[in-house]
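The block underneath contains the structure these notes are about, expressed in structure tokens.
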Protein chains: 2
Amino acid sequence: MNLAKPNYSEHKKFHVALDCIIFGFDNGELKLLIHKRKFEPFLGYWSLFGGFLKSGESLDDGARRILSELTGLEDIYLEQLFAYGEPDRDPAQRVISVTYMALIPEHRYSQEYSRRYGAMWVPVKELPDLIMDHNDMVVKGLKRLRKIASTQPIGFELLPNEFTIPQLQSLYEAILGEQLDKRNFRKKLLSMDLLVKLDEKDKSGSRKGAFLYKFDQKKYNKLVNNGFNFTI
Amino acid sequence: MNLAKPNYSEHKKFHVALDCIIFGFDNGELKLLIHKRKFEPFLGYWSLFGGFLKSGESLDDGARRILSELTGLEDIYLEQLFAYGEPDRDPAQRVISVTYMALIPEHRYSQEYSRRYGAMWVPVKELPDLIMDHNDMVVKGLKRLRKIASTQPIGFELLPNEFTIPQLQSLYEAILGEQLDKRNFRKKLLSMDLLVKLDEKDKSGSRKGAFLYKFDQKKYNKLVNNGFNFTI
DNA sequence: TCAAAAGTGTTGTTGATACACCCATGA
DNA sequence: TCATGGGTGTATCAACAACACTTTTGA
């Protein structure tokens, strides 16, 4: 073999897939969007949203394409997590899969898409058996979500634009899997000065109603430039 | 197209490469092991240690194989970092590359291998231009190293089995890129009760000599099982 | 009028930081 | 004897955890 000028073609090629771990939050529960797989092997079994990488697109582009094809949504939070490549992970053929974590406010995902793709939101605590190594992917994704959510303000990606403090707390409790003290939580959040209080109240959760807030992205960006670190 | 039973073969395949970001520590400096690339394109240019994934092996196995081929070392710390897939990242042909971070105690890497592969330890602060997106990979790798080193006891992977507290501190200073107070550092480290003090002193660094310590992996494992969190 | 969730402050504890001097030794 | 790096303790401050009662309102 001529070491100096080998042709890449002597090396094997592989299918590359992208699998999306899609988190949502509703009714106090952290959920995952899964669907029934549309092709063999494992046709009809619960699976993450996935697809194959195409020639002209980057990994990020591919994940974004798959997500928007299957949900109709653009501009959603998406982040690469991990590459899976056990030789026998897909019984049909060798596939390298790169996972992405996506955060979707549940109300933005339409019933129509849900019907069209046989998709369902399931609480992460009651996750059914998924195909291949998809359950491992979710476990790893959940760990990453916890880590990221406690060091960056991504929780807001899972809520409507306007939300209440109790909603936000309930979201963090679901993500972190533990109860939080409401006084400490509120104190901490408001002390970071990232939320804008609105005049309006949301009365859906209680008779008294809770004030709505918005996350101030610009202020956050400024703070970060000055060395600020978000923590919950 | 029959959605129910598509054949994978309708999808494109890609070369998959593994690139190793190899950190070392010597003389108070954090270093990176790079070498002159042995094939076109970019023959003779500085590059990370890399290679192509083979059919039967997992990503981890592939990274481990490449590392052991190029260094002669087994049993070294290795962890997957990130997948790179921009369509034009390799001008010759489309290649998806998965990076791994490796930690090698510098004294374990032999001159012989260094000569054989044209490899060199360079301080991360004075990194030359590397091929393609390898500089990006290193930047990302360094960030991950900082994060991991401050939450898990992996610093020891970069030192000899027996080391002194000042050595350890100097390593952490190099990784974190900041000076640390020696009293606080020592206090914190010893309070975790993970180090075993030996009777011997290392006199290479000073006339007085500093006591040698060993990291107690078993004790650490036990502590972790009880919910212990390492932090520097 | 009452049930149910929203909202509010203080205190104690713990962990992080800042800081200066003596010790042991080989040259 | 002196220059060099090793080794030690305390005081202050900030962040976090624990904790209980009042308010509002629709039914």
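The structure presented is a predicted model; accordingly, all values stated were derived computationally and were not measured. Order of the sequence lines sets the chain letters (A, B, ...), proteins ahead of strands, with each chain counted from 1.
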Does C:dA6 have its OP1 or OP2 closer than 4.0 Å to a side-chain nitrogen or oxygen of A:Arg207?
no
Kindly state each residue pair satisfying ring pair (Phe, Tyr, Trp, His ring centres under 6.0 Å) with at least one member in residues 127-161 of chain A, sequence neighbours excluded.
A:Phe156-A:Phe163, A:Phe156-A:Phe215
Mapping A:Tyr213 and B:Arg183 onto DNA chain C by nearest heavy atom, which one lands closer to the 5' end?
A:Tyr213
Mind checking B:Lys182 for me? I need base, sugar-phosphate or nothing, with any heavy atom below 4.0 Å counting as a touch.
base
Determine whether the side chains of B:Asp19 and B:Ser97 contain a donor N or O and an acceptor N or O closer than 3.5 Å.
yes
Measure CG/B:Asp202 against P/C:dG26 and give the value in whole Å, please.
13 Å
A:Phe211 CZ to D:dT23 C1': how many Å, rounded?
12 Å
For a 4.5 angstrom cut-off between non-hydrogen side-chain atoms, does B:Phe25 reach B:Ile175?
no
Rounded distance (Å) that lies between atom P of C:dA16 and atom CG of B:Asp181:
13 Å
Does a side chain donor of either A:Tyr100 or A:Asp60 reach within less than 3.5 Å of an acceptor in the other side chain?
yes
How many Å lie between CD1 on B:Ile165 and C1' on D:dG5, as a whole number?
15 Å
Closest of C:dG26, C:dA6, D:dT25 to the A:Pro166 side chain is C:dA6
What nucleic acid atoms does B:Lys187 come within less than 4.0 Å of, heavy atoms only: base, sugar-phosphate, or nothing?
base
Under the 3.5 Å rule, do the base of C:dA24 and the side chain of B:Lys208 count as making a donor-acceptor pair?
no
If only side-chain N and O atoms count, and only distance matters, is there a donor-acceptor pair under 3.5 Å linking B:Lys187 with B:Asn184?
yes
What is the distance, to the nearest angstrom, from the CZ atom on B:Phe185 to the P atom on C:dC19?
20 Å
Report the distance from atom CD of B:Gln167 to atom C1' of D:dG5, rounded to the nearest whole Å.
13 Å
Could you give the NZ-to-P distance, from A:Lys201 to C:dA6, as a whole number of Å?
10 Å
Distance below 4.0 Å between A:Lys203 side-chain N/O and D:dG26 OP1 or OP2:
yes
Choose from C:dA20, C:dT17, C:dA4 the nucleotide whose nearest atom is closest to any side-chain atom of B:Asn184.
C:dT17
Rounded to whole Å, please give me the gap between CG in A:Leu190 and P in C:dG9.
12 Å
